[in-house]
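Chain identifiers are assigned alphabetically (A, B, ...) following the order of the sequence lines, protein sequences preceding nucleic acid strands; residue numbering begins at 1 within each chain.
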Protein chains: 2
Amino acid sequence: MLSKKTKYGLKALTYLAAQKDREPVQIAEIARHENISQKFLESILLTLRKNGFLGSKKGKGGGYYLIKDPSEIRMTSVMRVLEGPIAMVPCVSLNFYEPCEDCPDEAACSVHKLMLMVRDSALAVYRNHTLADFV
Amino acid sequence: MLSKKTKYGLKALTYLAAQKDREPVQIAEIARHENISQKFLESILLTLRKNGFLGSKKGKGGGYYLIKDPSEIRMTSVMRVLEGPIAMVPCVSLNFYEPCEDCPDEAACSVHKLMLMVRDSALAVYRNHTLADFV
DNA sequence: TATTAATCTATTAAAACGATAGGAATATTA
DNA sequence: TAATATTCCTATCGTTTTAATAGATTAATA
């Protein structure tokens, strides 16, 4: 299952990408518009900022804004930051690889073989789409 | 993340599919061979039996055995039984569809659009592979 | 200085996960 | 028929993750 964190984060990014300009938008406005718990959204936007997707401004007239062009924001990076590894098992993960300690032979493991194909197919989707495709 | 239930279940199915004949194999043997907690594996094999993948026999010489040819067992059905919906959000699920109550317009929702593509790509992999591909 | 809005830290409630325990039911063998 | 082997069933438990909430702090603006 996709976590609500990812779901909300993606919706927020899309909302920001749909703005005419890159002026700050308040958390409250995004939360209201997208039916998201404001406090929860706060923490999500924070991690998006810390990972280089968003800029922020405090005080009156403050808020969050996209720091890059939507067409520069690949779904791969969005998913990795919000949801974590794209692979469903660590032994087929590109960015978070870990061997299974219970599995003597990766190449012979059915789980490994299947999940490798699934990872590749998901990766193809994420790589081929940016935020711009969803505004 | 793939659940251990699915991981173990798929390994067990593969182990059974690799048998020369379709004689019953004991839980203990599968557990030992695949490094799986026997008690946990018990419950997994039970659900696989209840869902028409396996047959079982009690008492001495008993165990579990495949009830169909490995080439007849699609990964779609294995995944749905063990892991649940293939879609990452209910609003793009074929077999477990549910609308999001927070989302006024599915067709306009970025999460919906992205996850629809991801589901299709995963589905393509699962549909095109059977247990026979992993023995 | 007052107000606004992001930032940070901590806590909590509920759900899911992975595993374990113990006995009941059933089939085989002697 | 008795003993043994094995699946079957139910219940429980501890841990982790998830989603959300609360409250105090910091920074920018007017």
**Student:** What integer distance in Å separates Lys11(B):NZ from dG18(C):P?
**Tutor:** 14 Å
**Student:** Without decimals, in angstroms, what is the distance between Phe40(B) CZ and dC9(D) P?
**Tutor:** 18 Å
**Student:** Would you tell me if any nitrogen or oxygen in the side chain of Tyr8(B) comes within less than 4.0 Å of OP1 or OP2 on dG18(C)?
**Tutor:** no
**Student:** Where do Asp69(A) and Ser71(A) come nearest, in terms of heavy atoms and distance?
**Tutor:** OD2-OG, 2.6 Å
**Student:** In whole Å, I'd like the distance from the CE atom of Met88(B) to the P atom of dT18(D).
**Tutor:** 12 Å
**Student:** Backbone N or O of Gln38(B) within a donor-acceptor pair of the Glu42(B) side chain at under 3.5 Å?
**Tutor:** no
**Student:** Would you say dT20(C) has OP1 or OP2 under 4.0 Å from some side-chain N or O of Ser37(B)?
**Tutor:** yes
**Student:** Does a donor on one side chain and an acceptor on the other come within less than 3.5 Å for Ser93(A) and Glu98(A)?
**Tutor:** no
**Student:** Using a cut-off of 4.0 Å on non-hydrogen atoms, how would the nucleic acid contact of Ile27(B) be classed: base, sugar-phosphate, or nothing?
**Tutor:** sugar-phosphate
**Student:** Does anything in residues 46-53 of chain B reach DNA chain D, meaning a heavy atom under 4.0 Å, and if so which residues?
**Tutor:** Leu46(B), Arg49(B), Lys50(B)
**Student:** I need the CD1-C1' distance between Ile44(B) and dT20(C), as an integer number of Å.
**Tutor:** 14 Å
**Student:** Any donor and acceptor pair, going by atom type alone, linking the side chain of Arg80(A) with main-chain N or O of Met75(A) inside 3.5 Å?
**Tutor:** no
**Student:** Backbone N or O of Met117(B) within a donor-acceptor pair of the Asp120(B) side chain at under 3.5 Å?
**Tutor:** no
**Student:** Determine, stepwise, if the pair Lys7(B) / Asp102(A) fulfils salt bridge (Lys or Arg N to Asp or Glu O under 4.0 Å).
**Tutor:** CA-CA 11 Å; Lys7(B) 183 179 170 184; Asp102(A) 61 312; 3.4 Å; yes
**Student:** Write down the distance between CG (Leu82(A)) and C1' (dA19(D)), rounded to a whole number of angstrom.
**Tutor:** 15 Å
**Student:** Taking protein heavy atoms under 4.0 Å as touching, what does nucleotides 23-30 of chain C look like 5' to 3' if B marks base contact, S marks sugar-phosphate-only contact and - marks none?
**Tutor:** B--SBSS-
**Student:** Got a donor-acceptor contact below 3.5 angstrom from the Arg49(A) side chain to the Leu54(A) backbone?
**Tutor:** no
**Student:** Let me know the distance between CD of Gln38(A) and P of dA19(D), rounded to the nearest Å.
**Tutor:** 19 Å
**Student:** Scan Ser3(B) against the nucleic acid and name what it touches under 4.0 Å (heavy atoms): base, sugar-phosphate only, or nothing.
**Tutor:** sugar-phosphate
**Student:** Figure out the CG/P separation between Leu41(B) and dT20(C), and round it to whole Å.
**Tutor:** 12 Å
**Student:** I'd like to know if the side chain of Arg119(A) and the backbone of Val92(A) have a donor-acceptor N/O pair within less than 3.5 Å.
**Tutor:** yes
**Student:** Expressed as a whole number of angstroms, how long is the span from Lys4(B):NZ to dT16(D):P?
**Tutor:** 13 Å
**Student:** Please compare Leu2(A) and Gln26(B) by the position of their nearest nucleotide in DNA chain D and report the one closer to 5'.
**Tutor:** Gln26(B)
**Student:** Should the pair Glu29(A)-Arg32(A) be classified as a salt bridge under the 4.0 Å nitrogen-to-oxygen rule?
**Tutor:** no
